[in-house]
2 protein chains.
Amino acid sequence: MSFMNFNKSTEYAFRILGFLALDERKIYSTDEIYNKVKIPYRYLRKQLTNLTKKGLINSVQGKHGGYRLTKKKSEISLYDIVVCMEDGVLSNECFFGYTDCHLIEKCAMHDKWEEISSSLNNLLKTMNLADITRKEYPAFF
Amino acid sequence: MSFMNFNKSTEYAFRILGFLALDERKIYSTDEIYNKVKIPYRYLRKQLTNLTKKGLINSVQGKHGGYRLTKKKSEISLYDIVVCMEDGVLSNECFFGYTDCHLIEKCAMHDKWEEISSSLNNLLKTMNLADITRKEYPAFF
DNA sequence: AGAAAATAATACCTCTGGGTGTCATTTATG
DNA sequence: CATAAATGACACCCAGAGGTATTATTTTCT
């Protein structure tokens with residue numbers, strides 16, 4: 001049970017990119033992706049072209065087309081993905097939702113909140129697509 | 001810079017309840033609250049009756065009416081507030097947004113994600129309204 | 001009793017995230 | 001060169017969060 005969560009589209013990006021990372025050379029069609037990653041078909045289509053525009057994946061058009069990671073899986077951190085997907089969401093707000101918290105004195109939550117959110121940031125920066133597709137772990141789709 | 005944040009209405013609840021905690025006996029009118037807590041006036045009104053319905057505050061109607069905490073400030077944890085406000089948001093989803101993650105084997109993110117989200121939970125359970133209004137800290141409004 | 005000062009109720013507006021549907025374009029191949 | 005198999009581009013829908021506006025209701029005070 002948690003209060004933390006990302007946007008659906010960010011979660012979807014994790015799944016999609018994680019799946020593509022299984023074979024970073026291969027070109028996967030939407031249908032192949034669809035069968036593994038549980039995302040509504042139309043929305044998956046949309047997300048795939050989004051990810052392409054954002055530069056996280058390359059698309060190959062035409063027959064036998066599909067998608068593939070733009071970089072090596074070990075070079076794409078979860079942090080990169082989140083930053084890319086949550087552009088607007090990424091906030092400078094403090095615990096109470098104020099934007100100028102750092103300007104005035106620190107509130108009672110400041111340090112503790114900072115600590116947790118920076119350990120989250122670290123986790124995201126540390127983990128990359130190679131890490132989450134290691135064989136020790138079950139495929140997450 | 002953080003990816004974590006609560007709903008606006010939860011943040012507003014923190015502010016409002018934190019303000020009321022300054023004097024847990026006193027009945028504060030909407031106007032008094034409005035001048036300190038930066039929340040759009042009409043929306044503040046709405047939130048105040050919401051908080052009343054949810055049982056976090058008591059309202060006193062009529063002239064000289066207003067609002068007051070239902071419990072002692074030391075008895076209301078931030079966790080209580082979040083649970084109360086984010087009823088629908090509180091999720092059982094894993095890092096990748098799957099709901100049945102715990103049924104199958106653990107994914108690569110499971111433990112680390114769990115660790116961070118439980119340290120957040122702990123923080124929220126530990127801190128109460130008395131804590132965030134301690135004099136060492138500046139008023140956060 | 002009636003005015004004033006407060007909250008309660010209700011209805012509406014707007015924007016965005018998530019999701020769907022249709023048609024256009026690109027490319028491999030028989 | 002035509003067709004099939006893929007992605008791209010739009011355009012729309014829906015629900016919920018955040019916010020606004022108006023009209024009731026409750027209570028105090030003179």
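Letters A, B, ... are given to chains in the order of the sequence lines, protein chains preceding strands, and every chain is numbered from 1.
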Whole Å only: how far is the CE atom of A:Met85 from the P atom of C:dG17?
11 Å

How many Å lie between CZ on A:Phe6 and C1' on C:dG18, as a whole number?
18 Å

Of all heavy-atom pairs between A:Gly55 and A:Thr70, which one has the smallest distance, and what is that distance?
O-OG1, 3.0 Å

Residues that B:Phe3 engages under ring pair (Phe, Tyr, Trp, His ring centres under 6.0 Å), provided they are two or more places apart:
A:Tyr79

Can you tell me the distance, in whole Å, between the CD1 atom of A:Ile27 and the C1' atom of C:dT27?
12 Å

With hydrophobic residues grouped by side-chain heavy-atom distances under 4.5 Å, do B:Met4 and A:Val83 end up in a single group?
yes

Whole-Å gap separating C1' (C:dA5) and CG (B:Asp31)
10 Å

Establish whether A:Leu56 and A:Leu22 are linked, either directly or via other cluster members, by ILVMFWY side-chain heavy-atom contacts under 4.5 Å.
yes

Does a nitrogen or oxygen in the side chain of B:Ser29 sit under 4.0 Å from OP1 or OP2 of C:dA5?
no

With sequence neighbours excluded, tell me which residues meet side chain to side chain contact (heavy atoms under 4.5 Å, CB included) with A:Tyr34.
A:Tyr41, A:Leu44

Go through residues 39-54 of chain B and report each residue with a non-hydrogen atom lying under 4.0 Å from DNA chain D, sorted by number.
B:Pro40, B:Arg42, B:Tyr43, B:Lys46

Measure the spacing between NZ of A:Lys112 and OG of A:Ser117 and express it to the nearest 0.5 Å.
14.5 Å

How long is the straight-line distance from CD1 of B:Ile116 back to CG of A:Leu123, given to the nearest 0.5 Å?
4.5 Å

Linked, directly or transitively: B:Val82 and A:Tyr98 (ILVMFWY side chains, under 4.5 Å):
yes

Using heavy atoms and a sub-4.0 Å distance, could you list which residues of residues 63-72 of chain A are near DNA chain D? By number, please.
A:Lys63, A:Gly65, A:Gly66, A:Tyr67

When all nucleic acid strands are considered with a 4.0 Å heavy-atom cut-off, which category describes A:Asn7: base, sugar-phosphate, or nothing?
sugar-phosphate

Identify the 5'-most and 3'-most nucleotides of DNA chain D with at least one atom closer than 4.0 Å to a non-hydrogen atom of chain A.
D:dA5 to D:dA9

Are B:Phe95 and A:Phe6 close enough that their ring centers fall under 6.0 Å?
yes

Length of the line joining A:Asn58:CG and C:dT26:C1', which is rounded to integer Å
16 Å

Show me the pairs that pass side-chain hydrogen bond (donor to acceptor under 3.5 Å, both in side chains) and involve residues 43-52 of chain A, at least two apart or across chains.
A:Tyr43-A:Gln47

Separation between CG of A:Asn58 and CG of A:Leu69, rounded to the nearest 0.5 Å
9.0 Å

